[in-house]
Number of protein chains: 2
Amino acid sequence: MSCKHIITVGRQFGSGGRELGKAVADALGIKYYDKELISLAAKESGYNPEIFENVDERATNSLLYSLSMGIYNIGNGYAPMSDMPVNDQLYLLQHKIIRELAASPCVIVGRCADYILRDNKNLLRLFIYANMEDRIKNAVKIHNVPENKAESVIKKTDKTRANYYSFYSNRKWGSIDNYDLCINTSTIPREAAIKMICSIVE
Amino acid sequence: MSCKHIITVGRQFGSGGRELGKAVADALGIKYYDKELISLAAKESGYNPEIFENVDERATNSLLYSLSMGIYNIGNGYAPMSDMPVNDQLYLLQHKIIRELAASPCVIVGRCADYILRDNKNLLRLFIYANMEDRIKNAVKIHNVPENKAESVIKKTDKTRANYYSFYSNRKWGSIDNYDLCINTSTIPREAAIKMICSIVE
């Protein structure tokens, strides 16, 4: 395995980036982390994972909004950073966990991992995207989004991800400068993409 | 060879995109077109190639500027579209030639080829980029730009290319949506990039 054995995956909603990341991890026989990071973070914090799931990959809400939504200081038991909104607590815990995980070869999807690991010399930073037509199809098929709402859900989800990324990294989500390789899954066949990524890592 | 045998290369100045395009063409044993397109266009038009070189990949200047620069209607001999600024004449001729060339497998660097061939089903649209530090090194080494002027030359050249691209295509140069694969040559080794591209085409 080459030095580039920590693979981060930024992805547009419905682009199949998560599935591609999983397939690459399987092909290389390395670990894959996505929502599992939330469970790990929740476990460390003593929080109920469901509370974290609601704020995952969302930038901090205003204090007022956080209070009104009841997502401020609602931890039961041990809450190590309890003066902070849950979003920021989750970010900091994920930050810590991502750095720990990056000690071994792995694929990490989303969660600003490319930014958090920016000083890691072993990084391969991917961004996965597709055209709207295909993303709508995937949103319906993979994420069970109703077809008439798919485009709106896609745009809202991407906006939330972009805000999260730029809030914590001060960089622009989906802008080529932040990545080593950007792959359009509408035009690059899935198997070719897996092969390409593996060829860099192996 | 797969269906994707027409390869277009958009590239930041100093990213090594042209050299990568040439290496891919050599590896695949297919034709490579870059500035040669100018010679072909000039040949068709009856113009001196040098006149075209000055306006290559530059968007149309205003009429006044064109007149003041002496780049308006200065063709000798046959000038088929002589009411147009030379920039537009060159674009139209390159447009025609690019469509003709795309009948056979080839690599075409710059000149809005990805946009001109947008309806071609055999297209692989690449965008090649790199960080500023490496681009400065390449500008000095490959393009003989003085080191103290390199960053300014890079920024100006990219601005000119971006304007040209957006003027004729109404799209944003360097934005992922317009490409199938975007490769950062600062972090993806050259040989790995060539191998990746060939793996899609072969």
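Proteins come first, then strands; the chains are lettered A, B, ... in the order of their sequence lines, and each starts at number 1.
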Asker: Specify which of I197(A), L123(A), I176(A) makes the most heavy-atom pairs with chain B at under 4.5 Å.
Answerer: I176(A)
Asker: Can any side-chain N or O of T185(B) pair as donor or acceptor with the backbone N or O of G16(B) at less than 3.5 Å?
Answerer: no
Asker: Is chain B contacted by the side chain of E191(A), its backbone, both, or neither, given a heavy-atom distance below 4.5 Å?
Answerer: neither
Asker: Any chance the rings of W173(A) and F127(A) have centres within less than 6.0 Å?
Answerer: yes
Asker: Among N178(A), D180(A), T8(A), which residue satisfies the side chain to side chain donor-acceptor pair (under 3.5 Å) criterion with R125(A)?
Answerer: D180(A)
Asker: What residue in N131(A), L181(A), D177(A) has the most heavy-atom pairs under 4.5 Å with chain B?
Answerer: L181(A)
Asker: Which atoms of L124(B) come close to chain A, meaning under 4.5 Å heavy atom to heavy atom: side chain ones, backbone ones, both, or neither?
Answerer: side chain
Asker: Ring centroid separation for H95(A) and Y168(A), is it under 6.0 angstrom?
Answerer: no
